[in-house]
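These notes concern the structure reproduced below.
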Amino acid sequence: MRVVTWNVNSIKMRLSRTLGLLGRHEPDVVCVQELKVADEAFPAGQLEAAGYCSSVLGQVGRNGVAILSRDPLTDVARGFPGDPAPEQARVLSGSVGGLRIVNVYVVNGVAVGAPQYELKLRWLDALSAWLRAEHDRNDPLLIVGDFNVAPEDADVHDPERWRGRNLASEPERERIRALLGWGLVDLMRLHHEGRGPFTFWDYRAGAFHRDWGLRLDLALATRPVADRCTGVWVERDERKPTSGAGKPSDHAPVIVDLR
DNA sequence: ATGTCACTTTACAAGTGA
């Protein structure tokens, strides 16, 4: 089973590249974030023509998450109980192939101390509380998405420059550690040691060319799923301006293989 | 640190969020 997570930064602008990704990698499930469209404007027809069902939690102009799957999802859930900002479309869950999949687009936070940053911490606390209350760490659960947190110094290109800043600050990292402490495994770290790989490069200042990247897009799984994980990698070419139709997202897809 | 991008709107440029 192959699962992809990708912050597309507008599904409308990235539809052509998304179809290309489906054709090249033939994933079973694709979790996408930052749709920036309402449900009714989601291009479900074109994805269906490519062989994928869509489950969508959209929002006009911002946020928005969807799960594409070869087989239809069952038990689809929009949002999560306890969300401190339930009007923002950030979480969509569904089951397929005996696996519970949770697709998340975590609050960005903007800057340490900003109101959005305080919301980010509360939001992550609520997500953690929901997982602990309504899920079992012994069940097959995979939670993927744009966490907007680089969990460790190895996940940023320049740890000193990023120390204490939004996306890399200690309070955010504590929240990620709380998820891991409950019983989730960071699948990328099963297969890659040391610096990187990164999944996000800012559009500005030639950040991609300079490899000023961060690892913000994560795949976290309970032990039964982690034991089945045969590979995880970043499809870095997808961030290149030249390797697809139209412009790239500022995030690259993360691809997870499960036996 | 900021060589950008995509969105919205009493729209045809400017503000917002990332």
Side-chain angles (χ1 to χ4, degrees), chain A residues 5-21 31-43 46 56-66 83-91 103-124 145-151 153 155-169 171-172 175-176 198-218 236-254:
Chain A
T5 178
W6 189 19
N7 179 324
V8 293
N9 185 21
S10 166
I11 190 61
K12 206 170 170 181
M13 297 303 294
R14 232 61 66 195
L15 180 59
S16 173
R17 282 180 177 252
T18 301
L19 292 169
L21 184 83
C31 294
V32 288
Q33 304 90 34
E34 275 211 89
L35 305 177
K36 300 191 178 187
V37 293
D39 288 9
E40 56 272 22
F42 185 85
Q46 285 156 92
V56 183
L57 179 61
Q59 185 178 336
V60 176
R62 43 199 292 202
N63 307 321
V65 286
D83 185 345
E87 73 286 359
Q88 301 180 11
R90 295 186 177 277
V91 174
N103 180 19
V104 304
Y105 175 50
V106 175
V107 176
N108 175 287
V110 180
V112 171
Q116 298 97 320
Y117 178 84
E118 300 305 322
L119 173 63
K120 181 184 198 175
L121 299 183
R122 292 208 314 280
W123 196 93
L124 284 166
D146 176 3
F147 283 75
N148 269 315
V149 181
D153 280 355
D155 299 310
V156 305
H157 64 93
D158 182 347
E160 292 317 314
R161 185 177 186 285
W162 279 92
R163 193 160 316 285
R165 301 180 55 154
N166 185 51
L167 308 177
S169 70
E172 299 165 66
R175 269 59 180 193
I176 300 300
F198 306 132
T199 67
F200 163 84
W201 298 260
D202 198 294
Y203 280 126
R204 296 165 293 183
F208 181 67
H209 182 70
R210 293 167 153 143
D211 202 26
W212 288 351
L214 303 168
R215 189 172 71 97
L216 305 180
D217 300 272
L218 310 179
R236 195 174 184 281
D237 281 358
E238 195 51 68
R239 180 61 180 81
K240 294 178 180 170
T242 51
S243 65
K247 294 176 178 178
S249 169
D250 44 0
H251 293 251
V254 178

Handout entry: Check: A:L167 and A:K120 side chains under 4.5 Å, non-hydrogen atoms
Key = yes

Practice task
Assign a letter to each nucleotide of nucleotides 7-18 of chain B from its 5' end: B, base within under 4.0 Å of a protein heavy atom; S, sugar-phosphate only; -, no contact.
Solution key: SS---------B

Problem - Single hit among A:F208, A:F200, A:W201 for ring-ring contact (aromatic ring centres under 6.0 Å, His included) with A:H251 - result: A:F200

Exercise for the section: State, yes or no, whether a side-chain contact exists between A:D153 and A:R163 at a heavy-atom distance under 4.5 Å. Expected result: yes

Problem - Partner residues of A:F198 under the ring-ring contact (aromatic ring centres under 6.0 Å, His included) criterion, sequence neighbours left out - result: none

Handout entry: Rounded distance in Å between the C1' positions of B:dT10 and B:dG15
Key = 16 Å

Practice task
Taking the side chain as every heavy atom from C-beta outward, state whether A:Q88 and A:D83 have any pair of such atoms under 4.5 Å apart.
Solution key: no

Practice task
Please state whether the phosphate of B:dT2, meaning OP1 or OP2, lies under 4.0 angstrom from any side-chain nitrogen or oxygen of A:R210.
Solution key: no

Practice task
For B:dT9 and B:dG3, measure between their P atoms and round to the nearest Å.
Solution key: 28 Å

Practice task
Answer whether the closest heavy-atom distance between the side chains of A:N166 and A:N108 falls below 4.5 Å.
Solution key: yes

Handout entry: C1'-based separation of B:dT4 from B:dA11 [nearest Å]
Key = 22 Å

Problem - Distance, P atom - from B:dT2 to B:dA6, rounded to whole angstrom - result: 22 Å

Practice task
Would you kindly give the CG-to-P distance between A:D211 and B:dG3, to the nearest whole Å?
Solution key: 20 Å

